[in-house]
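The next block holds one structure in the form of structure tokens; read it before the comments.
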Amino acid sequence: MEKETLDRVQQLLATPQKVIIVGHKNPDGDAIGSCLGLSFFLSEMGHDCKVVMPNDFPEFLKWMPGNEAIHIFDKDTEQCEKLIEETDLIFTLDFNSLDRVGNLQPSLEASTAKFVMIDHHQAPADYATAMYSDVQMSSTAEMVYHFIASLQKLDLLSEPIATNLYTGIMTDTGSFRFPATSPTTHRVIAHLMEVGANGAAIHQNIYDTNTPDRLKLLGVALKNLTILTEYNTAYITMSQQELDDHNFKKGDTEGFVNYALSVLGIKFAVIFIENRQDAIVKISFRSKGAFSVNEFARSHYNGGGHTNAAGGRSDKSLEDTVTEFISILPLYKNALNAHA
Ligand code: 5GP
Ligand code: MN
């Protein structure tokens with residue numbers, strides 16, 4: 001964290017503040033873990049801290065310490081609007097632009113509070129008084145640890161902070177295997193375990209919670225897997241009907257795209273998930289090596305993210321979305337066949 005950013009944060013936190021911490025729409029383990037971890041820390045420092053999420057989050061995250069106190073904007077809109085109106089300071093975590101917060105966007109844009117950003121996504125927007133952005137970082141949860149370290153407050157780490165940050169780092173690194181996992185990431189994890197994070201229990205809580213329906217849905221996803229050898233690309237489709245047939249719940253398709261990326265030789269993996277209610281197809285992109293799915297998602301799917309993991313959406317039907325995707329690939333043939 002740069003000295004100037006640190007100075008600004010220290011000024012903003014010099015006296016007890018009313019603080020709201022916000023994560024992105026469809027919050028994942030890193031959004032929830034980083035927000036809850038920071039919330040426990042700032043509360044420990046004497047601030048009045050609340051976490052607000054744009055919409056609900058998956059069941060498999062609903063054991064995380066403090067999760068029951070999260071305010072969900074889409075469920076308790078008026079209360080959340082009031083909280084935001086009355087706050088001095090807003091921390092935005094794990095997203096890079098105010099268009100990533102769904103229905104919360106107008107309230108944040110209308111707020112006169114000061115903003116602090118902590119985030120690791122590419123191309124951060126310029127709305128924060130203090131901006132701690134580092135696209136090399138494994139996760140926002142790891143950044144919250146470094147944030148606490150910069151404030152020289154690591155002595156305040158507690159079991160709930162450690163468990164939340166561990167979970168955020170673990171989920172965003174695919175259990176410490178994605179390339180952004182650094183030696184420092186492992187040192188941070190070691191320290192979090194020393195102050196109370198139980199790695200084995202956290203893995204079980206996140207990964208060993210499959211329902212039979214979800215595993216059967218994975219079976220459908222794997223049946224739908226298509227390989228485009230010419231482009232070192234693999235994709236999966238999930239129709240609304242297939243989701244309905246398996247009693248789909250938020251989070252059930254999390255991680256499916258990684259099976260496409262695990263095929264030998266595949267550099268680019270995509271999952272297209274139909275969402276009839278929102279009349280969109282939600283798309284997740286993953287890559288290995290230099291091929292930037294962030295740029296791909298930005299150029300064609302109104303999305304973004306990281307070099308190797310990004311998301312976006314299409315307003316076309318599922319079928320047309322896939323046809324269009326296949327028609328775009330020749331533009332990237334060289335990039336997808338480069339040795340990197
Ligand atoms: P996922 O595919 O798991 O939804 O998202 C992968 C990464 O891309 C995450 O870091 C997520 O925050 C980001 N991401 C997902 N969807 C979008 C989107 O529509 N716009 C932007 N800018 N980023 C996205
Ligand atoms: Mn993240």
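Read the numbers this way: they start at 1 and go in the same order the structure lists the ligands and their atoms.
Checking H120 against the Mn ion (ligand 2), an N/O/S atom falls under the 2.8 Å cut-off.
A salt bridge links K62 with E59; the closest basic N to acidic carboxylate O contact falls under 4.0 Å. Contact check on D278 versus R276 returns no salt bridge, with no Lys/Arg side-chain nitrogen under 4.0 Å from an Asp/Glu carboxylate oxygen. Using a 4.0 Å cut-off between charged nitrogen and carboxylate oxygen, K250 and D56 do not count as a salt-bridge pair.
Every atom of ligand 1 is numbered from 1 in the order shown, and the set under 4.0 Å from a heavy atom of H306 is 10 (O). Of all atoms in ligand 1, listed by their number and element, those nearer than 4.0 Å to a heavy atom of G305 are 8 (O), 13 (C), 23 (N). The ligand atoms of ligand 1 that sit less than 4.0 angstrom from a heavy atom of S284 are 1 (P), 2 (O), 4 (O). Distances below 4.0 Å separate heavy atoms of H121 from the following atoms of ligand 1: 9 (C), 10 (O), 11 (C), 12 (O).
Not one N or O of E254 is nearer than 3.5 Å to an N or O of ligand 1, by distance alone. Checked by distance only, ligand 1 and I283 stay at 3.5 Å or farther apart across all their nitrogen or oxygen atoms.
Closest heavy-atom approach to atom 24 (C) of ligand 1 among the candidates G304, G303, A309: G304. Ranked by closest heavy atom to atom 17 (C) of ligand 1, the top entry among H24, R100, K25 is R100. Of the candidates R313, R286, K282, K282 brings a heavy atom nearest to atom 16 (N) of ligand 1.
No hydrogens or angles considered: a donor-acceptor pair under 3.5 Å links the side chains of H146 and E142. Defined by atom type and a distance below 3.5 Å, a donor-acceptor pair is present between the side-chain atoms of N224 and E242. For the residue pair E159 and T163, a side-chain donor N or O sits within less than 3.5 Å of a side-chain acceptor on the partner.
The minimum distance between the Mn ion (ligand 2) and any N, O or S atom of D94 involves atom OD1. D172 has its closest N, O or S atom to the Mn ion (ligand 2) at the position named OD2. Taking the N/O/S atoms of D30 in turn, the shortest distance to the Mn ion (ligand 2) belongs to OD2.
Side-chain rings of H300 and F285 stay apart, their centers remaining 6.0 Å or farther from each other.
Residue pairs meeting the ring-ring contact (aromatic ring centres under 6.0 Å, His included) criterion with at least one partner in residues 105-131, sequence neighbours excluded, are F115-Y127, H120-H306, H121-H306.
The side-chain hydrogen bond (donor to acceptor under 3.5 Å, both in side chains) check on N294 picks up Q122, R298, with sequence neighbours excluded.
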